[in-house]
**Q** 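Can you keep this structure in mind? I'll have questions shortly.
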Amino acid sequence: SRDDPDEGVAADEMLYAALESRIKEALWIHDTNLALDRANEYVALSPSSARGYMHRADVLFRSRQWSQCRSDCLVAARLAPPHADEAMYLLGQCYENEDSPEEAIGAYLSVLRVDPLAISAAQRLADLVRVHERPALRDWVAGYLDHLLSLEPVESWPAPYRDLPAPQSAIEEKEVIR
């Protein structure tokens, strides 16, 4: 029901997840037109959400619609700076597919500014600068990529609920019993 504003917000929140699933479903059955319709519906429902633009950019990328994909990537990067690395990486891939290596290099460098541990962006950058004769950048990115690849993987973080101290009341009871 959308009888009052709160119910409307709750209905939209449920619709986001449903639309995400329906976009993925359409991609799974290789119906990019249907996926694009659903992504457009997501963007229309929440035009200030970077996630909607990224869903649509993914569909556009799969459809080889580079120009529109680039546009959505740039909008997504502006709307959600903490997640701009994903948008800029996809933007770099669009530029590569359009045979625009300088722009792709700039996009991958932007990814590394946002996420210094982005190995995929460093690898794409290393490949590009090797092919397109950028010696200074090639040397820097080769060293940087070696550094990234030499890092030890971090063990998964412990679940916050597993290593909690005992409740205060339990500690006090033990002291009283002594």
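The figures here come from the full heavy-atom set of this structure, side chains too, leaving out hydrogens, waters and symmetry mates. Model, not experiment: these values are computed from the prediction.
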**Q** Please report the shortest heavy-atom distance between V141 and A122, naming the atom on each side.
**A** CG2-O, 3.7 Å

**Q** Is there a side chain to side chain contact (heavy atoms under 4.5 Å, CB included) between W66 and L60 once you walk through the steps?
**A** CA-CA 7 Å; W66 314 126; L60 292 166; over 6 Å; no

**Q** Taking 4.0 angstrom as the limit, do R38 and E20 come out as a salt bridge?
**A** no

**Q** Show every side-chain hydrogen bond (donor to acceptor under 3.5 Å, both in side chains) that has at least one partner inside residues 132-150, sequence neighbours left out.
**A** E102-R134

**Q** Same hydrophobic cluster for L79 and M54, using side-chain heavy-atom links shorter than 4.5 Å among ILVMFWY?
**A** no

**Q** In terms of hydrophobic clusters joined by side-chain contacts under 4.5 Å, are Y95 and V131 together?
**A** no

**Q** Hey, are E98 and R70 close enough for a salt bridge, meaning a charged N less than 4.0 Å from a carboxylate O?
**A** yes

**Q** Quick one: CG on L151 to CG on L149, what's the gap to the nearest 0.5 Å?
**A** 8.5 Å

**Q** Between E25 (side chain only) and S21 (backbone N and O only), is there a donor and an acceptor less than 3.5 Å apart?
**A** no

**Q** Are Y42 and V75 connected into the same hydrophobic cluster when the rule is that any two of I, L, V, M, F, W, Y join if their side-chain heavy atoms are below 4.5 Å apart?
**A** no

**Q** List, by chain and number, the other hydrophobic cluster members for I29, where Ile, Leu, Val, Met, Phe, Trp and Tyr join if side-chain heavy atoms come within less than 4.5 Å, directly or indirectly.
**A** W28

**Q** Distance check, rounded to the nearest 0.5 Å: I105 atom CD1 versus E96 atom CD?
**A** 9.0 Å

**Q** Nearest 0.5 Å, please: how far is CD in Q65 from OG in S71?
**A** 12.0 Å

**Q** Residues two or more places apart in sequence or in another chain: which of them pass ring pair (Phe, Tyr, Trp, His ring centres under 6.0 Å) with Y89?
**A** Y108

**Q** Set out, in order, the CA-CA distance, both residues' side-chain angles and the distance that settles side chain to side chain contact (heavy atoms under 4.5 Å, CB included) for D58 and L27, then state yes or no.
**A** CA-CA 10 Å; D58 181 42; L27 290 173; 3.7 Å; yes

**Q** Looking at every non-hydrogen atom in both residues, tell me the closest pair between A50 and A76 and how far apart they are.
**A** CB-O, 3.6 Å

**Q** How far does OG1 of T32 sit from CZ of R62, to the nearest 0.5 angstrom?
**A** 10.0 Å

**Q** Return the minimal non-hydrogen interatomic distance between L145 and A126, and the atom names on each side.
**A** CD2-CB, 4.1 Å

**Q** What is the minimum heavy-atom distance between A121 and V111, and which atoms define it?
**A** CB-CG1, 3.5 Å

**Q** Give every residue pair that meets the side-chain hydrogen bond (donor to acceptor under 3.5 Å, both in side chains) criterion with at least one member in residues 72-85, sequence neighbours excluded.
**A** R56-D72

**Q** Compare every heavy atom of C73 with every heavy atom of A57, then report the nearest pair and how far apart it is.
**A** CB-SG, 4.0 Å

**Q** Minimum heavy-atom separation for F61 to C94, with atom names?
**A** CD1-SG, 3.8 Å

**Q** Any link between M14 and Y16 through a network of hydrophobic side chains (Ile, Leu, Val, Met, Phe, Trp, Tyr) touching at under 4.5 Å?
**A** no

**Q** Taking atom CG of L109 and atom CG of L137, what is their separation to the nearest 0.5 Å?
**A** 5.5 Å

**Q** Taking ring pair (Phe, Tyr, Trp, His ring centres under 6.0 Å) as the definition, give me every residue that meets it alongside Y53, ordered by chain and number, with sequence neighbours left out.
**A** none

**Q** What do the steps show when you test L90 against C69 for side chain to side chain contact (heavy atoms under 4.5 Å, CB included), and what is the final call?
**A** CA-CA 8 Å; L90 188 56; C69 181; 4.0 Å; yes

**Q** Share the residues that join L34 in a hydrophobic cluster, the rule being Ile, Leu, Val, Met, Phe, Trp or Tyr side chains under 4.5 Å apart at the heavy-atom level.
**A** none

**Q** In Å, rounded to the nearest 0.5 Å, how long is the span from OG of S63 to CG of N33?
**A** 7.0 Å

